[in-house]
Chemist: 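Below is the structure I would like to discuss, written out as structure tokens.
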Amino acid sequence: MLNKLKQWKRQQNSEDVDERFQELVKHPIPGHVAIIMDGNGRWAQKRALPRVAGHHEGMKCVRRITKLANELGIEALTLYAFSTENWKRPKMEVEFLMKLPEEFLGTFLPELVEENVQVKMMGNKEDIPPHTLKAVSKAIEATKDNDGLILNFALNYGSRAEILDSIRHVLNDIQNGILDEKQLNEEIFSTYLMTKELKDPDLLIRTSGEIRLSNFMLWQLAYTEFWFTECLWPDFGKEQFTEAIEAYQGRSRRFGGIKSEES
Ligand code: IPE
Ligand code: IPE
Ligand code: MG
């Protein structure tokens, strides 16, 4: 009896989530959503599984959220998959994480091609193993003519390193007469970043209850709306994604100004 009641409640809830998800398009949809996918290790530990089992489960979640983002007409989804600091982890975990793009793209690339998704990557390519880069490059190439959702993986990405590299590049261009120092402004500097083809994120989501940026898109997040959840990444689904977008739609973005009706 109790189980039936539970089942019924769950059904009600899932219908409710579907309905709420459908309603989202009636309000402004964030153009660029960035996600710090955190909590895979804790998800596994809670189940007495090795941490890597959490990473594997998290991969399915990437597929789930990509589909939903595409359905909503979101233009770009940037996913923090591996930070420049994640090399500090045990070798076995790092190796597992570096195999995930191959597995993910090996399974889902045909679907991504079919669904008009464009795969992109940002991060320092130098230290990424060739087998990982090969899988990513293949996906970028296979989806380069698509013009739907941009699925941008932040892989071996660190924001401070990105900013420093951009500064080096700017200095070099000034020295070589390609850029006039007086012309340098925020807009031009942005074109030196790894995100040059993307607009700044409108919404940042971080799962697992951590309230920090962990060296993620420090420049680009200057005016982004933040949404944090206790939910661990492998448990993140339609309900949580809907909740995040609803929260975004309830925010008042002023960019330092005042709301037009107050003027
Ligand atoms: C996020 O999950 C995935 C990566 C950082 C690669 P974690 O592995 O950080 O999971 P927790 O934070 O230890 O639970
Ligand atoms: C941030 O998560 C990096 C990714 C999600 C890829 P971490 O788990 O590495 O961050 P910290 O160490 O808790 O700040
Ligand atoms: Mg973590």
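When a ligand or atom number is given, it counts from 1 through the structure's own listing order. Atoms considered below: every heavy atom in the structure, side chains included; atoms not considered: hydrogens, waters and symmetry mates.
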Chemist: Quick check on side chain to side chain donor-acceptor pair (under 3.5 Å): which of H27, R20, K26 does E23 satisfy it with?
Modeler: K26
Chemist: Pairing donors with acceptors under 3.5 angstrom, does anything connect the side chains of S166 and R168?
Modeler: no
Chemist: Do we see a donor-acceptor contact under 3.5 Å between the side chains of N146 and T143?
Modeler: no
Chemist: Out of curiosity, is G39 lining ligand 1, as in a heavy atom under 4.0 Å away?
Modeler: yes
Chemist: Using distance alone, determine whether N86 and ligand 2 share an N or O pair under 3.5 Å.
Modeler: yes
Chemist: Quick one: nearest non-hydrogen protein atom to atom 10 (O) of ligand 1, plus distance?
Modeler: G41 N, 2.9 Å
Chemist: Could you tell me the residue and atom name of the protein heavy atom closest to atom 2 (O) of ligand 1, and the distance to it rounded to 0.1 Å?
Modeler: N40 N, 3.2 Å
Chemist: Would R89 and W87 count as a cation-pi pair here, with the cationic atom under 6.0 angstrom from the ring centre and within 45° of the axis?
Modeler: no
Chemist: How far is atom 6 (C) of ligand 2 from its nearest protein heavy atom, and which residue and atom name does that atom have?
Modeler: Y80 O, 3.3 Å
Chemist: At less than 4.0 angstrom from any non-hydrogen atom of D38, what atoms of ligand 2 do you find?
Modeler: 2 (O), 8 (O)
Chemist: Considering only heavy atoms, does A81 approach ligand 1 within less than 4.0 Å through its side chain, its backbone, both, or neither?
Modeler: backbone
Chemist: Looking at ligand 2, does any of its N/O atoms fall within less than 3.5 Å of an N/O of S214?
Modeler: yes
Chemist: Please work out whether the ring planes of W233 and F236 are parallel, tilted or perpendicular, with thresholds of 30° and 60°.
Modeler: parallel
Chemist: I need the nearest protein heavy-atom contact for atom 1 (C) of ligand 1: residue, atom name and distance, please.
Modeler: M37 O, 3.0 Å
Chemist: So, is S208 polar-close to ligand 1, with some N/O to N/O distance under 3.5 Å?
Modeler: no
Chemist: Has R206 got its NZ or CZ under 6.0 Å from the middle of the six-membered ring of F228, at an angle within 45 degrees of the ring axis?
Modeler: no
Chemist: So, 4.0 Å and heavy atoms of H55: is ligand 1 close enough to count as a contact?
Modeler: yes
Chemist: Looking only at heavy atoms, is any part of R206 under 4.0 Å from ligand 2, and if so is it the side chain, the backbone, or both, or is it neither?
Modeler: side chain
Chemist: Measure up the F189 and W219 rings against each other and bin them: parallel (under 30°), tilted (30 to 60°), perpendicular (over 60°).
Modeler: tilted
Chemist: Around atom 5 (C) of ligand 1, find the nearest protein heavy atom and jot down its residue, atom name and distance.
Modeler: R89 NH2, 3.4 Å
Chemist: What's the shortest distance from atom 12 (O) of ligand 2 to any protein heavy atom, and which residue and atom give it?
Modeler: R212 NH2, 4.6 Å
Chemist: Record the part of F82 in heavy-atom contact with ligand 2 below 4.0 Å; permitted values are side chain, backbone, both and neither.
Modeler: backbone
Chemist: Is the NZ atom of K199 crowded by more than 12 outside heavy atoms at less than 6.0 Å?
Modeler: yes
Chemist: Using the rule that two of Ile, Leu, Val, Met, Phe, Trp, Tyr join whenever any of their side-chain heavy atoms come within less than 4.5 Å, decide whether Y192 and M121 are in one cluster.
Modeler: no
Chemist: Between L155 and A81, which heavy-atom pair has the shortest distance, and what is it?
Modeler: CD1-CB, 4.1 Å
Chemist: When you measure from the Mg ion (ligand 3) to the N, O or S atoms of D38, does any of those distances fall below 2.8 Å?
Modeler: yes
